[in-house]
Amino acid sequence: MTGPLKDLAEQLRREDTPISPHVVGAIHEPSGPRGERAPVVESVREGYLLHYGESRLLAGQDDDLALLAGDYLYALGIERLAASGDVAAVEVIADLIAASARCHAEGRESAVPDLWRAAEQAIKS
């Protein structure tokens, strides 16, 4: 079985980076968006989880590597989206990342799921 999260895990393993040894694989497939934007959303979501939650793909990394891996996955998602030429969608994802960070800094983590739902809806292909 394949899916965007499992595909991302396989890519991270193949890249032979400091992240690769920590890839444990996708425990389950996401219930989020499908279609051509799913890899973007899953990469950015995994970046977010490495910054603020529990990774679905990595284990055993220290906090510094988790932050760097999160930044890498944010960039990977944005790069994929930018390749589509959809500048408006890139702006939506960049704003999502910034707004999520702001919510965490202000202690308003409960607002983050609504931000994600709105962003996913806005970038649907």
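Residues: numbered from 1 along the sequence shown. Hydrogens, waters and symmetry mates are skipped; everything else that's a heavy atom, side chains included, is used.
- From R45, atom CZ reaches atom CD1 of I93 across 9.5 Å, with rounding to the nearest 0.5 Å.
- Here D86 pairs with R37 under the salt bridge (Lys or Arg N to Asp or Glu O under 4.0 Å) rule; sequence neighbours left out.
- Here L73 contributes atom CG and E46 contributes atom CD; the two are 6.5 Å apart, rounded to the nearest 0.5 Å.
- The ring-ring contact (aromatic ring centres under 6.0 Å, His included) contacts involving residues 78-108 comprise Y48-H104, Y52-H104, where partners must be two or more places apart or lie in separate chains.
- Distance CZ/R56 to CD/E42: 4.5 Å, rounded to 0.5 Å.
- Listed by chain and residue number, L8, R14, E15, Y72, L76, R80 satisfy the side-chain contact (heavy atoms from CB on, under 4.5 Å) test with Q11 (two or more places apart in sequence, or in another chain).
- With rounding to the nearest 0.5 angstrom, the CG atom of L12 is 7.5 Å from the OG atom of S43.
- Between L65 and P18 there is a side-chain heavy-atom pair separated by less than 4.5 Å.
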Problem set entry | Worked verdict on E54 versus L49 for side chain to side chain contact (heavy atoms under 4.5 Å, CB included) | CA-CA 5 Å; E54 187 175 329; L49 291 172; over 6 Å; no
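- For E106, the salt bridge (Lys or Arg N to Asp or Glu O under 4.0 Å) criterion is met by R108, not counting sequence neighbours.
- Under the rule for a salt bridge (Lys or Arg N to Asp or Glu O under 4.0 Å), the partners of R117 that lie at least two apart in sequence or sit in another chain are D114.
- Residues passing the side-chain hydrogen bond (donor to acceptor under 3.5 Å, both in side chains) test with Y74: none are found, sequence neighbours excluded.
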